[in-house]
A.B. asks: 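Here it is, the structure in full.
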Amino acid sequence: MTRVRAHAPGRVNLIGDHTDYAGGLALPMAIDLGTSIIGTREGDRLRLHSEQFDTDTDLRVPLQDARIQPDWARYIAAVAVEMNCTTGFSGLIDSTLPIGAGLSSSASLELATALALGFEGTPLELALLGQRSEFTAVGVPCGLLDQLSSAFGSEGHALMIDFASITVEQIPLPPELEIIVVHSGVERTLAGSAYAERRAACETAISIVGELRSCSTDDLAAITDPVVRRRARHVVTECQRVTEARSALLGGDGIHFGELMNASHRSLRDDFEVSMPVVDALVERLRAVPGVHGARITGAGFGGCVVAACEPGAIADPAAITGRGWRVRASGPARVELLES
Ligand code: ADP
Ligand code: MG
């Protein structure tokens, strides 16, 4: 019988959206909001209570099938199946993340679950396990952005992720750069089908012109379908912006970093078409605040959250803007501590 506390951070993507499944680049950071699981490894049942859903799951291990109720328990079951888990667990799930808002509560749940159940391996193996579990749980062929961000989080650092080589580079955040996240108030209901459509368009583009990150916008003329061409143009220009954003952070240039965030939002709005008028209006409102360098939609889109980079104190109370907002700090990786055994 071993008592443990596992914690996995959520993440905010500073720049580089819809590039992960296209072998591109992104620059997220793990944040000081996340999912914690506290409990005991014992017996042959997985008994967990979610504080946020106020429901329980009770499953016998080893599990054969991850398609169970309540819906959130599918993530737990999927992780247990992926780990071939044979020891049970009794405990509590608690989260400080908004759920379904694009700050990656699902990946943080997957990673916290794996660590609580006794996962042993590298951060990359942990992230890959989370990605497979997400697919098993909800059938979403997600990229690796969320899971890598949580597994590789580092205090005071953003993470430059190269999805072609699956490598993560820590980029120090300038101390005078503050990151604010504000919920648009729009829940991400259409995200599933539209996500699959965007992903398919990128795959079509790659089959015509090859890897998008090594293309220039001129190369995209070979794509005849104007919608596919615009989707590809977003990925190509977004990867260029991520590279430039990395340099801006390393040079301590928050103003240029903000300009790149603004350009990223325009590209996601016009070329990738994953924004919506309410989100655009929130982005404009944040940019109009003195001391805000830039703002953009973050995550898969279709609602959810907006991220802004600004001077310290420019936005005194992020929660006052729409009722749900946070000043976030770059946090350390998913981890587990043994309380007693
Ligand atoms: P996001 O990852 O952007 O927050 P998702 O739709 O990918 O949004 O994942 C949200 C789902 O993850 C929830 O509907 C729920 O099934 C699961 N989940 C996240 N946090 C918790 C929690 N604290 N307790 C139980 N389930 C959770
Ligand atoms: Mg998610």
Side-chain angles (χ1 to χ4, degrees), residues 5-13 17-18 20-21 26 28 30-31 33-39 46-59 66-80 89 91-117 127 129-151 153 181-196 199 274 279 297-307 324 326 328 334:
R5 182 192 296 126
H7 177 85
R11 62 102 188 92
V12 62
N13 196 13
D17 270 311
H18 290 279
D20 58 347
Y21 54 77
I31 57 177
L33 304 173
T35 307
S36 297
I37 300 183
I38 188 160
L46 293 177
R47 293 182 219 264
L48 279 155
H49 175 81
S50 165
E51 291 282 358
Q52 283 61 51
F53 286 81
D54 197 21
T55 48
D56 300 278
T57 190
D58 184 353
L59 310 162
R67 284 168 296 169
I68 42 136
Q69 290 297 327
D71 281 348
W72 62 262
R74 294 184 183 199
Y75 293 93
I76 309 298
V79 170
F89 188 91
L92 202 67
I93 304 167
D94 201 0
S95 178
T96 48
L97 282 161
I99 291 173
L103 298 186
S104 205
S105 71
S106 61
S108 92
L109 176 63
E110 291 146 18
L111 269 57
T113 302
L115 291 172
L117 297 185
L129 174 91
Q131 183 192 35
R132 289 196 303 275
S133 305
E134 179 120 4
F135 184 67
T136 307
V138 286
V140 175
C142 66
L144 259 176
L145 172 70
D146 302 358
Q147 290 83 4
L148 284 176
S149 307
S150 186
V181 177
V182 180
H183 199 293
S184 66
V186 183
E187 301 304 328
R188 295 172 41 233
T189 43
L190 281 172
S193 57
Y195 182 89
R199 195 176 166 136
V274 292
V279 177
I297 190 168
T298 184
F302 307 101
C305 288
V306 165
V307 59
R324 279 191 286 173
W326 306 264
V328 292

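Start at 1 and go down the list; that is how both ligands and their atoms are numbered.
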A.B. asks: I'd like to check which ligand 1 atoms, numbered from 1 as shown, lie under 4.0 Å from a non-hydrogen atom of A101.
C.D. replies: 3 (O), 4 (O)
A.B. asks: Side-chain contact, heavy-atom cut-off 4.5 Å: W72 with T57?
C.D. replies: yes
A.B. asks: Taking only heavy atoms of S95, which atoms of ligand 1 are found under 4.0 Å from at least one of them?
C.D. replies: 23 (N)
A.B. asks: Which residue supplies the protein heavy atom nearest to atom 23 (N) of ligand 1, what is that atom called, and how far is it?
C.D. replies: Q52 OE1, 3.1 Å
A.B. asks: Any sub-3.5 Å donor-acceptor pair from R11's side-chain atoms to S105's backbone N or O?
C.D. replies: no
A.B. asks: Only heavy atoms of L109, strictly under 4.0 Å: list the atoms of ligand 1 that pass.
C.D. replies: 17 (C), 18 (N), 26 (N), 27 (C)
A.B. asks: What is the nearest protein non-hydrogen atom to atom 12 (O) of ligand 1, stated with its residue, atom name and distance?
C.D. replies: Y75 CE1, 3.6 Å
A.B. asks: Hey, could you give me the CD1/CD distance between I99 and E187, rounded to the nearest 0.5 Å?
C.D. replies: 10.5 Å
A.B. asks: Looking at ligand 1, does any of its N/O atoms fall within less than 3.5 Å of an N/O of T35?
C.D. replies: no
A.B. asks: At what distance, to the nearest 0.5 angstrom, does CG of L109 lie from CD1 of I37?
C.D. replies: 5.5 Å
A.B. asks: Could you check which of I37, I99, V138 puts a non-hydrogen atom nearest to atom 21 (C) of ligand 1?
C.D. replies: I99
A.B. asks: Can an N or O of D71 be found at a distance shorter than 3.5 Å from an N or O of ligand 1?
C.D. replies: no
A.B. asks: To the nearest 0.1 Å, how far is atom 19 (C) of ligand 1 from its closest protein heavy atom, and which atom is that?
C.D. replies: S105 OG, 3.2 Å
A.B. asks: With heavy-atom distances below 4.0 Å as the criterion, list the atoms of ligand 1 near S50.
C.D. replies: 22 (C), 24 (N), 25 (C)
A.B. asks: Does S104 bring an N, O or S atom to within less than 2.8 Å of the Mg ion (ligand 2)?
C.D. replies: no
A.B. asks: So which heavy atom in the protein is nearest atom 14 (O) of ligand 1, and how far is it from that ligand atom?
C.D. replies: F53 CZ, 3.9 Å
A.B. asks: Over 60° means perpendicular and under 30° means parallel, so tell me whether Y195 and H18 are parallel, tilted or perpendicular.
C.D. replies: tilted
A.B. asks: Less than 4.5 Å apart, side chain to side chain, heavy atoms only: is that true for L48 and L59?
C.D. replies: no
A.B. asks: Counting each atom of ligand 1 from 1 as listed, which ones have a heavy atom of G102 under 4.0 Å away?
C.D. replies: 3 (O)
A.B. asks: Numbering the atoms of ligand 1 from 1, which are under 4.0 Å from a heavy atom of L103?
C.D. replies: 3 (O)
A.B. asks: Taking only heavy atoms of W72 into account, list the atoms of ligand 1 that are under 4.0 Å away from them.
C.D. replies: 15 (C), 16 (O), 25 (C), 26 (N)
A.B. asks: How far does CD of Q147 sit from CG of D20, to the nearest 0.5 angstrom?
C.D. replies: 9.0 Å
A.B. asks: For the 3.5 Å polar cut-off, considering only N or O atoms, please tell me whether S106 and ligand 1 meet it.
C.D. replies: yes
A.B. asks: A side-chain contact here means heavy atoms from C-beta on lying under 4.5 Å apart; do L117 and L46 qualify?
C.D. replies: yes
A.B. asks: Would you mind checking which non-hydrogen protein atom is closest to atom 8 (O) of ligand 1, with the distance to 0.1 Å?
C.D. replies: G100 CA, 3.2 Å
A.B. asks: Could you tell me whether the side chain of D17 reaches within less than 4.5 Å of the side chain of L145, counting heavy atoms only?
C.D. replies: yes
A.B. asks: Can you tell if the side chain of C305 reaches within under 4.5 Å of the side chain of L103, non-hydrogen atoms only?
C.D. replies: yes
A.B. asks: Any non-hydrogen side-chain atom of I31 less than 4.5 Å from a side-chain atom of L97?
C.D. replies: yes
